[in-house]
Amino acid sequence: MEYNHRDIEARWQQYWKENKVYKTDIVEGKPKFYVLDMFPYPSGAGLHVGHPLGYIASDIFTRYKRLQGFNVLHPMGYDAYGLPAEQYAIQTGQHPEVTTNANIARYRSQLEKIGFSFDWDREIRTCDPEYYKWTQWAFIQMFNSYYDTKAGKAMPVADLVAHFEKHGTEGINAWGSKELHFTAADWRAMDEKQKSDTLMNYRIAYLGNTMVNWCPQLGTVLANDEVSEGVSIRGGFPVEQKLMYQWCLRVSAYAGRLLDDLEKLDWSDSIKETQRNWIGRSEGAEMKFPIAGSDIVLDIFTTRADTVFGVTFMVLAPESKYVDMIVTPEQRQAVDDYITSIKHKTERERMIDKKVSGVFTGAYAVNPLTGKNIPVWVSDYVLAGYGTGAIMAVPAHDSRDYAFARHFDLPIIPLIEGADVSEESFDAKEGKMINSCSADLDLNGMEVKDAIAATKKYIEQKGIGKVKTNYRLRDAIFSRQRYWGEPFPVYYKDGIPHMLPESMLPLQLPEVDKYLPTETGEPPLGRAKNWNTPDGYPLELNTMPGFAGSSAYYLRYMDPRNDKALVSREADEYWRNVDLYVGGTEHATGHLIYSRFWNKFLYDLGVVCEPEPFKKLINQGMIQGRSNFVYRIKDTNTFVSLGLKDNYEVTPIHVDVNIVNNDILDVDAFRNWRPDYADAEFILEDGKYVCGWAVEKMSKSMLNVVNPDDIVERYGADTLRLYEMFLGPVEQSKPWDTNGIDGVSRFIKKLWNLFYKGDTLLVTDDEPTRDELKTIHKLIKKVTGDIETFSYNTSISAFMVCVNELTQLKCHKRAILSDLVVVLAPFAPHVAEELWHVLGNESTVCDAKWPAFNEDYLKEDSLTMAVSFNGRARFNIQVPADMAAPDVEAMALGHENAAKWIEGKTVRKVIVVPGKIVNIVVG
RNA sequence: GCUCGAAUGGUGGAAUGGUAGACACGAGGGACUUAAAAUCCCUUGGCCAUAGCGGCUGUGCGGGUUCGAGUCCCGCUUCGAGCACCA
């Protein structure tokens, strides 16, 4: 029997599928393990070799855990809503569902060919009404909840209403967009619409007038994580700021918990750090600056309370509502002109243009500590959306304030001893305070850190401010003006939004004639006929964003066909949360924040029993493309090989990597590739055409896309799996390069040759020797350790060493080979399954038990120890493994070469680390 | 600017503070072949020596801790990632 991957892999894949070998059910008393991959968006291009990298890593872990006796949940599904299918629909009129289903079918067949052990019975699609029913359901729960800051969790809005009825806002602890104050009488006097608007200030899912990232080309708003440097991540179109009435999720209320709970997670430092940056906690103080000659009070936020004595002016964001309230008649025209000029600029232009600009309002604020009047300015360097949209400016110790003060010639008062502020500000939070003394507060001589604390305490006592923590994290904008997304379970009655009753879920996406906005500028759902409730009330026209469906999908896998609940209590309590989550870093500030938020919300409601969704996270690296080039001699159809190209004037041309093998061009394939090249001539080196190469993004235009199907066809799925893991650490990005794949392919053949020579089965039942046992137990130990740390590349090296050693030993013994096959099964499941049966086993290899290694076999009879003199001259000595340190020492000093080296010197110190090394210091 | 991470042969990459370069690719040499493919064996960080033994040097740069540093500490350089008028 020759090794034939096509036959073996097709046969076992079919067997696994027909017998549902990987179907998983709750087994009470059996320990569970949940391994999840980030589900893919099924794009039209199909999978390339980069996609399965993470899936292979997680599949190895899954199979390993099964062999260790765990009940492993390992599902797969599709993040099926998304812009590409909709854009395609706009161009072709093809319903996005049709495209999406076709793409899913392709993905499924590609995934199956790689031999993953998914429980396909649990497959989900976010665009399936049975699935998005629960996305809509969760939204309704968010609408009906507010965040109670005292309880530190979401609570029913009904409770809040009850409180308003009795006490108004007195004594509430609700996280709101703004701080509102009203009495019970005020509340009762409100009409329906006013009450609805008021509650929007507190609901976790709320309609709000917010500045949104509006992308005209995409015709939709985008969340902050979908925008980078002023352009959309998808498509790279300009994004502008626009005030719109949109559905939002109050993610900001959970900022503190999202930040604190990061501590508990077994995630990489870099991704935790990214989330910390994104959440952006800053601890500081909010302080009141009264406006001179009025009863208006400006609230500002600062992290440098210690610098109040150095405040020489105040600055408001152009959008601040205070601007209009305090501007003096003489300055009104100038201020209006300035604000108009700002509005004409996009966010991007404002960011790029770092020129200092601003205008004086004519008003003065009173410094609460010094009692002095200080001018209030307006400038776009202050952001409306952060803190209170107003700042106290301390030019001596803040570079932005410094630039502003210099530009408008405002005073600069240094507050830290020895700080030279003649050229630039001194921003560091260190040094001793000066110039900071009033009648009842003296900071002079204090360290900055102490001065901050002292000032905070002082302002709280005096009632002129309070300690406050601010977060950079904003609420998530949840409306999209698109077709291909979940409809909101919302209808409007007299302009007031209401949730549909649960009995009407799922609210299914309607048919439309076109996938474009309506003539009146409404979203595509505005085209749907009878898009009303049965009572005739209009339904919401926006749809939900991409992250809606992906925020709780890991819960649905636990109980995917349940039509009574998102997940049953039984399933949730058994599977709990994801033990291992594998996916890319690109979701750090999107999906991985939203999912954590969504899960915490459901946790507050008591729907789920774990506060965090993903215990351990592994970020697989990106697979980059490795492009190949041919070199055409200018104005000819002659191509010159890489090593000779410097002798000619050449143009490099991308060549399809699929007609290049190990950088050697298949010249016949090249001639057939494009008509232009049919009569191409070649200047070869050593009879070969060598191509140049470069690492670039894997994309169609670079002609460097490698389809896993081609690799599977040529080398087999097992080789693909082993090779992708062998390429390097899972977490590292690396270019796809098939140059080493033959090594892995050879390994499988060598493994096969341990079982067969031609058609003869070599397997015997002889007792293994000590050397053979040592070889296999070395492997078991290494692989067991490596899998736990995802060091799959070194595991595969260990397999190669093991097979080479067994080949040398001519070992064909069942006991040894059996362990080898089981340990290999997670990595190369098809060939392992085949050989497992060759060894005479009836059941599948996943029913086997992971072999335990036996330290006794690994013990050496003797150790080679390095004897080092002064850490330099080194000799090796052989000592019995169990020899005591003093004897080792004696032996080391007695060594022939050592004796020569020590001659005439004195031994000062001898260090023996058992099993490792002997160090001898001489002098 | 702030934060985090990385740097080891021709290449991908190994090394709980203990003989740096496992394993693989590539390259060179050899065996078997009419020949090629496949397979097998040897060499392969650099420099020197070579009949043979061997010697020196070496993990981005400069210091330090240690008997001993790729690994730990301090200071740089370069590259990558995240955040960024966030007060």
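Just so it is clear, the model here is predicted, and its values are computed rather than measured. In the text below, chain A, chain B and the rest are named by the order of the sequence lines, each starting its count at 1. Computed from heavy atoms alone, side chains included, the values below leave out hydrogens, waters and symmetry copies.
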(request) Determine, for Lys781(A) against Glu855(A), whether the closest basic-nitrogen to carboxylate-oxygen distance falls under 4.0 angstrom. (result) yes

(message) If I pick the P atom on G60(B) and the same atom on A7(B), what distance separates them, to the nearest angstrom?
(response) 8 Å

(message) Under 3.5 Å, is there a donor on one side chain and an acceptor on the other for Asp306(A) and Thr455(A)?
(response) no

(request) From the options C23(B), G13(B), A87(B), select the nucleotide whose nearest atom is closest to the side chain of Thr302(A). (result) A87(B)

(message) Categorize Lys782(A) for me: base, sugar-phosphate, or nothing, with a 4.0 angstrom heavy-atom threshold over every strand shown.
(response) nothing

(message) Can you confirm whether more than 12 heavy atoms, excluding those of Glu788(A), are under 6.0 Å from its CD atom?
(response) yes

(request) Kindly assign one of parallel, tilted or perpendicular to the pair Trp736(A) and Tyr723(A), based on the angle between their ring planes and the thresholds 30° and 60°. (result) perpendicular

(message) Suppose you measure atom P in G80(B) against the same atom in C72(B); what distance do you get, rounded to whole Å?
(response) 23 Å

(request) Answer syn or anti for G60(B), where the cut-off is 90° from 0 on the glycosidic torsion. (result) anti

(request) Flag yes if more than 12 heavy atoms outside Glu586(A) fall under 6.0 Å of its CD atom; otherwise flag no. (result) yes

(message) Measuring from the side chain of Val801(A) (C-beta onward, heavy atoms only), which nucleotide among A87(B), U3(B), C23(B) has the closest atom?
(response) C23(B)

(request) Specify the separation, in whole Å, of atom CD1 of Ile748(A) and atom C1' of A38(B). (result) 17 Å

(request) Tell me whether the OP1 or OP2 atom of A84(B) has a side-chain N or O from Asn277(A) closer than 4.0 Å. (result) no

(request) Would you mind telling me which of C25(B), C83(B), G5(B) lies closest to the side-chain atoms of Arg746(A)? (result) C25(B)

(request) Tell me which nucleotide among G13(B), C83(B), G5(B) gets nearest to the side chain of Arg472(A). (result) C83(B)

(message) I need the CZ-C1' distance between Phe726(A) and G12(B), as an integer number of Å.
(response) 8 Å

(message) Taking the P atom in each of A22(B) and G10(B), what is the distance between them to the nearest angstrom?
(response) 14 Å

(message) Looking at Asn739(A), I'd like to know whether one of its side-chain N or O atoms comes within less than 4.0 Å of OP1 or OP2 on G13(B).
(response) no

(request) Select from Gly728(A) and Ser270(A) the residue whose nearest nucleotide in RNA chain B is closer to the 5' end of that strand. (result) Ser270(A)

(message) Quiz question: by atom type and distance under 3.5 Å, do the side chains of Tyr386(A) and Ser282(A) form a donor-acceptor pair?
(response) yes

(request) Please determine if a side-chain N or O atom of Tyr381(A) lies less than 4.0 Å away from the OP1 or OP2 oxygen of A87(B). (result) no

(message) Just the rounded figure in Å: distance from P of A6(B) to CG of Asp269(A).
(response) 9 Å

(message) For the C1' atoms, the ones on G30(B) and on G21(B), what distance do you get once it is rounded to whole angstrom?
(response) 25 Å

(request) Give one of base, sugar-phosphate or nothing for Pro735(A), where a contact means two heavy atoms less than 4.0 Å apart. (result) nothing

(message) Show me the dot-bracket string of RNA chain B, counting Watson-Crick or G-U pairs under 3.5 Å, with | for pairs to another strand and [ ] for crossing ones.
(response) (((((((..(((.....[....)))((((((.......))))))((((.....))))..(((((..]....))))))))))))....

(request) Please state how far atom CZ in Phe799(A) lies from atom C1' in A22(B), giving the value in whole angstrom units. (result) 16 Å

(request) Rounded off to whole Å, could you give me the CG-to-C1' distance for the Asn804(A) and A22(B) pair? (result) 13 Å

(message) Please pick, from A87(B), G13(B), C83(B), the nucleotide with the shortest atom-to-atom distance to any side-chain atom of Asn793(A).
(response) G13(B)

(request) Go through the side-chain N and O atoms of Tyr689(A) and Asp666(A) and say whether any donor and acceptor fall under 3.5 Å apart. (result) no

(message) In whole Å, measure the gap between the C1' atoms of C23(B) and C74(B) for me.
(response) 36 Å

(message) What's the closest nucleotide to the side chain of Thr794(A) if the choices are G13(B), C41(B), A15(B)?
(response) A15(B)

(request) Could you please name the option among G13(B), G5(B), A84(B) that lies closest to any side-chain atom of Gln732(A)? (result) G13(B)

(request) Output yes when Glu805(A) and Lys778(A) qualify as a salt bridge under the 4.0 Å nitrogen-oxygen rule, no when they do not. (result) yes

(message) Measure CG/Leu754(A) against P/U39(B) and give the value in whole Å, please.
(response) 16 Å

(request) State whether Ser733(A) places a side-chain N or O below 4.0 Å from either non-bridging phosphate oxygen (OP1 or OP2) of G80(B). (result) no

(message) If I pick the C1' atom on G55(B) and the same atom on A49(B), what distance separates them, to the nearest angstrom?
(response) 8 Å

(message) Let's see if you can work this out: which of G13(B), U3(B), C23(B) has an atom nearest to the side-chain heavy atoms of Met800(A)?
(response) C23(B)

(message) With rounding to the closest Å, how many angstrom separate the P atoms on U65(B) and A14(B)?
(response) 31 Å

(request) Report which part of the nucleic acid Leu727(A) touches: base, sugar-phosphate, or nothing (heavy-atom distance under 4.0 Å, all strands). (result) sugar-phosphate

(message) Measuring to OP1 and OP2 of U11(B), would you say a side-chain N or O of Arg626(A) lies under 4.0 angstrom away?
(response) no

(request) Report the distance from atom CG of Asp742(A) to atom C1' of A37(B), rounded to the nearest whole Å. (result) 13 Å

(request) Return the 5'-most residue of the pair Thr589(A), Pro729(A) with respect to RNA chain B, ranking by each residue's nearest nucleotide. (result) Pro729(A)

(message) By the 4.0 Å heavy-atom rule, please label Asn753(A) as base, sugar-phosphate, or nothing.
(response) nothing

(request) Give the rounded distance in Å between these two atoms: CD of Glu286(A) and C1' of A87(B). (result) 13 Å

(request) Choose from C23(B), G13(B), A87(B) the nucleotide whose nearest atom is closest to any side-chain atom of Ser797(A). (result) C23(B)

(request) Name the orientation class of the two ring planes belonging to Trp377(A) and Phe404(A) (parallel below 30°, tilted from 30 to 60°, perpendicular beyond 60°). (result) perpendicular

(request) Please state whether the rings of His591(A) and His587(A) are parallel, tilted or perpendicular, taking 30° and 60° as the class boundaries. (result) perpendicular

(message) Using the P atom as the point on both nucleotides, what is the distance between U43(B) and A6(B), in whole Å?
(response) 35 Å

